[in-house]
Amino acid sequence: MRTRNTIMSLAVASACCWIAMPAHAQQAATAAPAAPGDQTPPNADANAAPDANAAPVQTVVTVSGSRIASRGFTQPTPTTVLNADDLAKNAQPNIFNTIAELPALQGSTGRTTSTNSTSSGIQGLSSLSLRGLGPIRTLTLLDGQRVVGANVTGVTDVSQFPQLLVKRVDVVTGGASASYGSDAIGGVVNFVTDKKFEGFKANVEGGQTTYHDDRNGTVQAAWGKAFMDDRLHVAVSGEFGREKGIDSPGFGEVGPNGRTWYKNTAYQIRPLAQTNDGKPQYTVIDHAQQYQYAKYGLITNGPLQGTAFGPGGVPYQFNYGGGGKPTGTGAVTGCVNPFCVGGDLSGSVGAGTNLAMDLKRQVAYTRVGFDINPDHEIYLTTNFGKVESVFSPNPGAAKNANLTIQCDNPFLPASIVAACAANKITSFQYGTANAEFPRNINVHPTRQMERVVVGAEGRFQLAGKEWSYDAYAEYGQNKTDIIVHDISLNARYNAAIDAVRGPNGTIVCRNPVAAASGCVPLNIIGDVPADPAAMAYIEPANGPQQHTKQTQQVASFNLHGEPFESWAGPIAVATGAEYRREHYSVTGDPYGNGVSADSPNTAAYPADPLLNTAVGNNWYAGNYHNASGTYDVKEAYVELNVPMLKSATFGEANLNVADRRTKYSTSGSVESWKIGGSWKTPVDGLSFRAVTSKDVRAPNLSELYAAAVVVNNVVSYQGNTITVQQRTVGNTNLRPEIARNTVFGAVLNQPKWLPGFSASVDYFDIKVNGVISTLSAQQEVDLCVAGNKEICSAMVLNSASTTNNYVTVQAFNLASLRNKGYDIEAAYRMNLKDFGLPGRLTFRALATRTISFLTDPGVVGTIPSEGAGNNLGGTPKWKGLASQAWDTDKYGLMLTERWISKGVYSNEFIECQTNCPVSTTIHPTIFNNQMKGAFYVDLGGTYKVNAKTTAYFKIDNIGNVDPAAAPQANLSFAINPTLYDVLGRVYRAGVRYSF
C-alpha cells in the first residue's frame, strides 16, 4: 500500500501544473471495445446508425466509468448506458422520469415528492439519487462537466438540462470520486450531448391521466449546421414543457378527480406506558379522524367538548368515529390521541396537497465549436434553464386544539355564551381546519440557471506518442425564488380571532396594540364567509419569500495518452487538475427572517408591533432566513490502465488505478483512490471485473453555512429540566464523508453458443463513515454527557445566569451508512428474418437487490436501523425494469414492466397481534407490518409516417394500479411517491420530425 501511495503521489504531483477538469466520459465509452451487452464491434463508431438488416445495437449496455480513453481497455466500474433511442421510446415529458426508473436509482426527487412542504427547498427539484444514498451523494454531470447546483445542497436540477440533444446517459453505479471528484459516492450520472449535430429535429408531445388531469405538453426543436468547410459547428436547441399537475381536492376523505384509493390511512399510536397489556402500540388504520379539530371549528376540552359549528355558526354535536365520547378533559373514549376511526371526516386535511406539482420547463442551449485545424477545437456553450412550479402544501391552516376562545367573543352563538355561564367557564380550547379561508396556501418555486462554458479539446504528438486534451472554464449561476401566497401570520391570526365588542357596539380586536395597528376581527366560529378585510390582515398580499443566488466557477484541464508499452499492450494515462469555487447567498422577508439590514421593513413588509423582529418565524409556515457562504476546491488526479495479461491460453487482463488529491478551503486535504481490474477469460464470452475505492463527499454550502435561527427550548441535563437558547446554525468545522466502495462481478457477452445474449451480475458494498447529520438539542446534550468533546463545545448548560445557557444545533460527522446488494442485467436480441418474419426482437431486464442498508445515527440511545425492504423509504429489497421490443423499419412496439417487491413499514417494528412484548422506542410493536409491492405494465409504439416523420404513443401503468398505503403519524396522502406510481394510468402521444 505504501508503494501505491508513493506512485500516486508522484503522478499527482506531476499533474498539478495543470488547471484541470474531467475528460469527457463519452470518449472512454466510444473508444472502448465491445463491452458486455454491446453489439458494437471493436474500434467502430459506437454511435453510428445500425444497419437496418442487422441486429439492433443493444440500448442498455454494461460498460464502465473512467477517464481512460484507450484501445482494448475494459473498465472495471459497471455503467448502465441509455442512448437516444431508449429515451425516445420511453416518451416521457422530462428525461428525469426515464432515468429515475432504473433500478439503481433509488430516492430521487421530482414533482410528486415534497408536495406537502413549504420550506424544504427541494420542491419541484428533479434530482437523481443512486443506491438510496440521496442526491447529495450522486454526482450529475453534463458532458462530463459539473453543473451549478439548483439548491444550496449543491444538487442539480435535471429539468434545466438540454434534453433533445442528449444522445446518451451514462449511469456509473460505483464509487467514482477518484476519477470524477467529490460527491460521487453513490456514482455518477453523465448526460452526453451530440456535439456535431447537423440538420433539424423536433418533438411535439401531449398527454393526460385517465382521470383527465395532469395534462401535459412538450415542444422541442434543435438545429445544427456546419460552416466554413466543416470547421465551424453550430447547434441550437429550445424546449418548452408544461405538466399541469393534480390539484388539491381540499378537505375530507376524497381522492383527487375520482381516485378512490385515498382512505385517510395513518398510524394509531398508543402511549408507550400502556403497552404492557400484550397489545401492539402501533396499528395502521383507515378513515383516521383527527379529533382535535373539525372543518369549521370544534371545542376540544372542558364541559362543552364535542361541540362543533356548522353553517352560520350553528352549534351541533360532533360525530366522533367509533362512537367515541368526549371526556371533557381533551380525550375521547374509544379513540387513541389524536385519531378516532370514521365519524365526521369532512375536515380532514390529509388529501389537501397537490398529488403532482404544476411544473413548467423553459430551456435553451447553444454550442458553437470551431476547428482551428483538424487536431484542435475551441468551443462555447451556453445553457439557459428556467423551471417554475406551483403547488399547495395543505388547505386552510389547521389548528390542533391549540386555540383559546373567550366566552365573550361576539361571534359565538347565544347558546354557547349561555352554556359558558351555566358551566362557569370564561374560555375554552378550540381547534379548526380553517376551511372558511377562501384560498389554499400556494407555493411558487422558480429556478433559473444561466451557464456559460468556454473550452478547447484536441490532440498532439509528444515524444512520438499521441496525446489528447480537453480544457474548459465555466461560470454558472442559479437564482431560486420561492414565493408563498395566501398564508397567515400567526400573531395577527391570534389577535384577529380574539374579538370583543367595542364601546360603540362594533366588533373589534381585543388587543389594543393589535387594534391600533390595523387588526380586523376574524370569525372562525362555523361555516361563515370570511371577511375580506380580516383575511387581508392575517394574510397580507406579500407572503413569505426566499431569494437565493448560487454561483459556480470552474477551471479545468485534462490530458490522456498512451506513453508506454508493455508486453500486453499500451499503458494508458489520464491526468488533470481542477479549481472550483462555490458560493451562495439567501435572503428572506423580514417577517420570516426577522428585521435586519438585509431584510428590512419596507412598504411591502411594514413594521408591526405584534411581530417578532429579532428572530422572525412569524408565518404559519415558510419562515426563510438569511445566510451566505463560499468555499473553493483545488484538486488533481491521475488514472492509469496497465495491461497485465494477453494470452490465447489465459485470456486478457488489465489493472485500472486512480488517485485524486483534493484540498477544500473549509476542511483541508483529503485523498480518494480506486484500484480495479478486469479479466477476459479464455472461456467464450466470460469475463470478470472488480474495483474497490475510497470516495468522498465534502460538506455542502447548506451544511457549512446554514442560516442562523434562534428559538427557546428545554432540555434535560443532570436530572434537571433547563431552558436554553437553541441556536441552529451551520458548522464550518465539518469534515468530508469518507466511503469505501467495493464492486465485483461477472459478465457473459454474446458467447458463440448463444449469439445476441449478454448478462452481468455485480455485487456492491458501500460503507460511508462520518456521515453528516443534524441532531436535536436533547440528542446533543446526551452525546455531550456521554463524553463527546466536540459536541460539548457547542453548548453551555451550567451558566450562573440561566439566560446564558444555549445549545448550538448544527450538523456533525456522526452517522454511518452501509449498503450491500447486487445488480443484474441481461439482454437478448434476435433478427426475425432468420425465421422468415419481419423485424427484430429485443429483450432486456435490469434489477437491483438491496441485501442490507444500515443507518447508524451515532446517537446515544439509538441502534443501527435497517432500510432494505423498508417501503416507506427509498430502498426496496428488489427494484426491477424489463422490456420487450419489436421493431421493423416501419413500426415498433415495446412492452415494459416495472417492479417493486413487497416490504414492511419499518424493519425495527415487532409485528404481533396478541401477547406482544412491551413496546420500546427502538423496537415498537405493530399489529401489521406488511406493505405491498407494485407491478406496473407500460405499452408504447411508433409508426414511421415517412422518412422524416414518426408518430408515437405511450401508455404508462396500463392496469391503473393504485399506490400502496404509506401511513404516517399525521394525516397526509399516505403514499410514497419515491417508490410508487401515484398518478395512475397516463396516456401520451406525439410526433417527431427530423431531416
Side-chain angles (χ1 to χ4, degrees), residues 111-112 114-118 123 209 211-215 244-266 286-298 308-312 318-319 321 338-339 342-358 389-400 431-444 484-488 493 522-530 532 535 538-539 543 620-622 962-963 965 968 970-975 977 982-984:
R111 67 189 187 95
T112 60
S114 297
T115 57
N116 61 345
S117 168
T118 307
Q123 312 98 318
T209 75
Y211 302 98
H212 306 288
D213 55 20
D214 200 28
R215 292 181 172 87
K244 296 193 69 173
I246 302 171
D247 290 336
S248 159
F251 298 88
E253 187 180 275
V254 55
N257 301 321
R259 290 170 174 83
T260 58
W261 48 260
Y262 180 64
K263 298 179 181 179
N264 264 37
T265 303
D286 290 335
H287 318 300
Q289 178 198 69
Q290 172 66 267
Y291 68 68
Q292 294 178 335
Y293 63 83
K295 187 173 185 179
Y296 296 108
L298 174 69
F309 298 88
F318 186 67
N319 178 17
F339 296 130
D344 184 351
L345 301 175
S346 63
S348 171
V349 299
T353 183
N354 286 63
L355 195 59
M357 299 179 192
D358 182 338
S389 306
V390 181
F391 68 97
S392 172
N394 57 275
K399 305 290 184 177
N400 296 338
T432 176
N434 281 308
E436 73 279 2
F437 284 10
R439 292 171 296 276
N440 290 346
I441 299 169
N442 52 99
V443 185
H444 302 251
V484 185
H485 297 297
D486 303 310
I487 191 168
S488 58
Y493 175 90
L522 176 67
N523 184 3
I524 61 168
I525 309 299
D527 181 7
V528 293
M535 292 305 301
I538 68 167
E539 294 182 353
Y620 177 79
D962 295 337
Q968 305 293 327
N970 56 353
L971 289 180
S972 67
F973 254 133
I975 52 176
V982 300
L983 304 181

Hey, is the main chain of [Y] close enough, under 3.5 Å, to the side chain of [X] for a donor-acceptor pair?
{"X": "Arg111", "Y": "Met357", "answer": "yes"}
{"X": "Asp214", "Y": "Gly245", "answer": "yes"}
{"X": "Thr353", "Y": "Ser392", "answer": "yes"}

Looking only at heavy atoms, which two atoms of [X] and [Y] are closest? And how far apart?
{"X": "Ala530", "Y": "Pro438", "answer": "CB-CD, 4.3 Å"}
{"X": "Phe251", "Y": "Gly347", "answer": "CD2-O, 3.9 Å"}
{"X": "Ala398", "Y": "Val349", "answer": "CB-CG1, 4.5 Å"}
{"X": "Gln289", "Y": "Asn319", "answer": "NE2-O, 2.9 Å"}
{"X": "Tyr211", "Y": "Gly984", "answer": "CE1-CA, 4.5 Å"}
{"X": "Ile441", "Y": "Gly396", "answer": "CD1-O, 3.7 Å"}

Close side-chain approach of [X] and [Y], heavy atoms under 4.5 Å:
{"X": "Leu983", "Y": "Ile246", "value": "yes"}
{"X": "Leu298", "Y": "Tyr293", "value": "no"}
{"X": "Ile524", "Y": "Asn434", "value": "yes"}
{"X": "Leu355", "Y": "Ile975", "value": "yes"}
{"X": "Gln123", "Y": "Ser117", "value": "yes"}

Please list, chain by chain and in numerical order, all residues satisfying side-chain hydrogen bond (donor to acceptor under 3.5 Å, both in side chains) with [X], sequence neighbours excluded.
{"X": "Asn440", "value": "none"}
{"X": "Thr265", "value": "Asp286"}
{"X": "Tyr620", "value": "none"}
{"X": "Ser346", "value": "Asp344"}

Measuring from [X]:[atom1] to [Y]:[atom2], what's the distance to the nearest 0.5 Å?
{"X": "Leu345", "Y": "His287", "atom1": "CG", "atom2": "NE2", "answer": "8.0 Å"}
{"X": "Phe391", "Y": "Ser114", "atom1": "CZ", "atom2": "OG", "answer": "8.0 Å"}
{"X": "Asn354", "Y": "Asn116", "atom1": "CG", "atom2": "CG", "answer": "10.5 Å"}

**OP:** Applying salt bridge (charged side-chain N to carboxylate O under 4.0 Å, His left out), name anything that partners Asp358, two or more places apart in sequence or on another chain.
**Re:**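 Counting only residues at least two positions away or on another chain, Asp358 forms a salt bridge (charged side-chain N to carboxylate O under 4.0 Å, His left out) with Arg242.
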
**OP:** Taking salt bridge (charged side-chain N to carboxylate O under 4.0 Å, His left out) as the test, write out the residues that go with Arg439, two or more places apart.
**Re:**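 Result, salt bridge (charged side-chain N to carboxylate O under 4.0 Å, His left out) vs Arg439: Asp486.
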
For [X], side-chain contact (heavy atoms from CB on, under 4.5 Å) partners two or more places apart:
{"X": "Gln292", "answer": "Gln290, Asn337, Pro338, Asn400, Ala401"}
{"X": "Ala288", "answer": "Ala266, Ile285, Phe339, Leu971"}
{"X": "Thr118", "answer": "Pro393, Val443, Val484, Ala621, Tyr624"}
{"X": "Tyr262", "answer": "Glu253, Asn264, Ser348, Ala351, Phe973"}

Subject >> Test side-chain contact (heavy atoms from CB on, under 4.5 Å) applied to Met535 and Leu522, step by step >> reply: CA-CA 8 Å; Met535 292 305 301; Leu522 176 67; 4.2 Å; yes

**OP:** Please collect all salt bridge (charged side-chain N to carboxylate O under 4.0 Å, His left out) contacts where either partner lies in residues 254-264, sequence neighbours excluded, each pair once.
**Re:**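 As it turns out, the salt bridge (charged side-chain N to carboxylate O under 4.0 Å, His left out) pairs with a partner in residues 254-264, which skip direct neighbours, are Asp213-Arg259.
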
Subject >> Cation-pi, Tyr493 ring and Lys399 (6.0 angstrom, 45 degrees) >> reply: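 Pair Lys399/Tyr493 counts as cation-pi.
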
Subject >> Contacts of type ring pair (Phe, Tyr, Trp, His ring centres under 6.0 Å), residue Tyr296, not counting sequence neighbours >> reply: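 Result, ring pair (Phe, Tyr, Trp, His ring centres under 6.0 Å) vs Tyr296: none returned.
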
